[in-house]
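Written out below as structure tokens is the structure these notes cover.
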Amino acid sequence: MFKKILIANRGEIALRVHRACKEMGIATVAIHSEADKDAMHVRLADESVCIGPNSATESYLNIPAIISACEITDADAVHPGYGFLSENAKFAEIVEAHNMAFIGPTADHIRIMGDKITAKQTVADAGIPVVPGSDGGVATLEEARKVAKDVGYPLLVKAAAGGGGRGMRLAESPDKLDEALMAAQTEAKAAFGDGSVYLERYLKGPRHIEIQIIADTHGNVVHLGERDCSLQRRNQKVLEEAPSPCLSAKQRSEIGSIVATAIKKIGYRGAGTIEFLYENNEFFFIEMNTRLQVEHPVTEEITGIDLVREQIKVANGDKLSFKQEDVNFRGHAIECRINAENPRTFAPSPGKVIDFHAPGGMNTRLDSGLYSGYSVPPYYDSLIGKLIVHGRTREGALLRLRRALGEMVITGIDTTIPLFKSLLDEDDFKNGDYNIHWLENWLENRSD
Ligand code: ADP
């Protein structure tokens, strides 16, 4: 097993990885920017290296500085967390070229899934249902019109290199196609340096349901069920739960085995998430994330499986410690993303935390590096913690969530805690009756 792992990330996920390492007897190296010198992951790690100034480009995205930190500390593996360099194929290649393990898939798989056109073709060939649309990329209006004849309107023009909802345009009718095509191409070129786009049928009110898989290097692939991430604002997830309020055990096992079989065919290794839109009892693939997800704890809570531990083990060449038939789904878990943001305007709210009190008690988990006196830096993502609760039923989990949110105290900065408290009063949410547009509509129309 690895002796020392360098954690190429910050915040709650750096802490999450550190915790798994310590429980496995593995030493940890934290890297940090100047702004993060007092962060919890830096305090708890066995060693730490400052890799650059505040801006992410010069620190957490600075490959030469990170590799130097690995060499100075003699780390034998790198865990990239999520975001930053976690889906950068070149980084994975460079780590391996320096004789260290990259705790994630091969660079080739990161590349294939990083381009949504090749990703869609690859998974479709392996038997996963995809959103109807163009067969590959579309460069001209003429080609787009041809595809639109088969797919119908409304349709979406999407960037092959897309991420964070950018390079996506809706064409509601034929006369809007030209404009949508040009706008998506221009935005994709500006944001990603790659203007390639493709077309997809626009689904009007789907849920976002994703399947977690984990694969070892011995040909074993296991699915760990789904997460429902339909509560979104600007295509960003806000609250996630598992299992989905709308899937039956039969549907779970059907889509899970389609995905696991496909992933085995592709020869993928490590943890991964296959994201779907789900409408009228049908699944449509949209993308695959080749890394740990922010919302992985809800899966851990209902399966009892430590995903980071399993990631480390498969990167070490070990076999998965469980088979599909060993996975039992137990109860219901909900995660709230606590952001340092104004709960109404969503404006970032960095600054010094005055009082901090973490909720506790049975089946209540807080993944966060926050402490009283900590200053939330303004340079990075506003996620400061994740509150995860588990209950025997969804109703039980909702009651526990209300109790836990009530105990939690963070003063000195604004947080999204009040948003979750209000959501708990909404019947649609209580009934699990929502799709990817529900939260935005609710935010627009709330009267209080
Ligand atoms: P990105 O990588 O930019 O986040 P995704 O393909 O993952 O792009 O899509 C992000 C979100 O955009 C989805 O969760 C969904 O809300 C919406 N979306 C994407 N494709 C479609 C589609 N074909 N129909 C309707 N909504 C879509």
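Numbering of ligands and ligand atoms starts at 1, following listing order.
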Checklist line | Sub-4.0 Å atoms of ligand 1 with respect to non-hydrogen atoms of His208 | finding: 14 (O)
Item checked: atom 1 (P) of ligand 1: nearest protein contact (heavy atom, Å) -> Lys116 NZ, 3.3 Å
Check: Where is the nearest protein heavy atom to atom 16 (O) of ligand 1: which residue, which atom, and how far?
Finding: Ile436 CD1, 3.1 Å
Check: Can you tell me the protein heavy atom closest to atom 13 (C) of ligand 1 and the distance?
Finding: Ile286 CD1, 3.9 Å
Check: Are Arg233 and Glu341 within salt-bridge range, i.e. N to O under 4.0 Å?
Finding: no
Check: Please state which protein non-hydrogen atom is closest to atom 18 (N) of ligand 1 and give its distance, to 0.1 Å?
Finding: Leu277 CD1, 4.0 Å
Notebook entry, point to check: At a non-hydrogen distance cut-off of under 4.0 Å, which region of Arg201 contacts ligand 1 (side chain, backbone, both, or neither)?
Noted result: backbone
Notebook entry, point to check: Counting heavy atoms only, which of Gln232, Lys158, Lys120 comes nearest to atom 19 (C) of ligand 1?
Noted result: Lys158
Margin query: For Ala8 versus Ile66, what's the shortest heavy-atom pair and its separation?
Written below: CB-CG2, 4.4 Å
Check: Considering only protein heavy atoms, which is closest to atom 3 (O) of ligand 1, and at what distance to one decimal place?
Finding: Gly165 N, 2.6 Å
Note to self: Could you check whether any heavy atom of Lys204 sits closer than 4.0 Å to an atom of ligand 1, since that is the contact criterion I want to use?
What the structure shows: no
Check: Which option out of Leu203, Leu170, Leu155, Val131 puts a heavy atom nearest to atom 24 (N) of ligand 1?
Finding: Leu203
Next item on the list: Look at the rings of Phe429 and Tyr434 and say which category their plane angle falls in: under 30° parallel, 30 to 60° tilted, over 60° perpendicular.
Entry: tilted
Check: Between Arg16 and Leu307, which heavy-atom pair has the shortest distance, and what is it?
Finding: NH2-N, 4.2 Å
Note to self: Checking a contact table here: which protein heavy atom is nearest atom 7 (O) of ligand 1, and how many Å away?
What the structure shows: Glu287 OE2, 2.8 Å
Notebook entry, point to check: Identify the closest protein heavy atom to atom 9 (O) of ligand 1: which residue and atom is it, and at what distance?
Noted result: Met168 CE, 3.7 Å
Check: To which protein heavy atom is atom 17 (C) of ligand 1 closest, and what is the distance rounded to 0.1 Å?
Finding: Asn235 OD1, 3.9 Å
Item checked: For Tyr202, atoms of ligand 1 separated by under 4.0 Å from a heavy atom -> 24 (N), 25 (C), 26 (N)
Next item on the list: Mind telling me whether His437 and Tyr202 have parallel, tilted or perpendicular rings, with 30° and 60° as the class edges?
Entry: tilted
Notebook entry, point to check: Would you call Arg201 and Glu279 a salt bridge, using N to O less than 4.0 angstrom?
Noted result: no
Next item on the list: Output yes when Glu226 and Arg252 qualify as a salt bridge under the 4.0 Å nitrogen-oxygen rule, no when they do not.
Entry: yes
Next item on the list: If the plane angle is over 60° it's perpendicular, under 30° parallel, otherwise tilted; pick one for Phe285 and Phe276.
Entry: perpendicular
Check: Which ligand 1 atoms, with their elements, are less than 4.0 angstrom from a heavy-atom of Leu156?
Finding: 20 (N), 21 (C), 22 (C), 23 (N), 24 (N), 27 (C)
Margin query: Once you measure the plane-to-plane angle for Trp442 and Trp438, does it fall in the parallel (<30°), tilted (30-60°) or perpendicular (>60°) bin?
Written below: parallel
Checklist line | Option passing salt bridge (charged side-chain N to carboxylate O under 4.0 Å, His left out) with Arg365 (candidates Glu301, Glu335, Glu12) | finding: Glu301
Notebook entry, point to check: By number and element, which atoms of ligand 1 are closer than 4.0 Å to a non-hydrogen atom of Glu275?
Noted result: 7 (O)
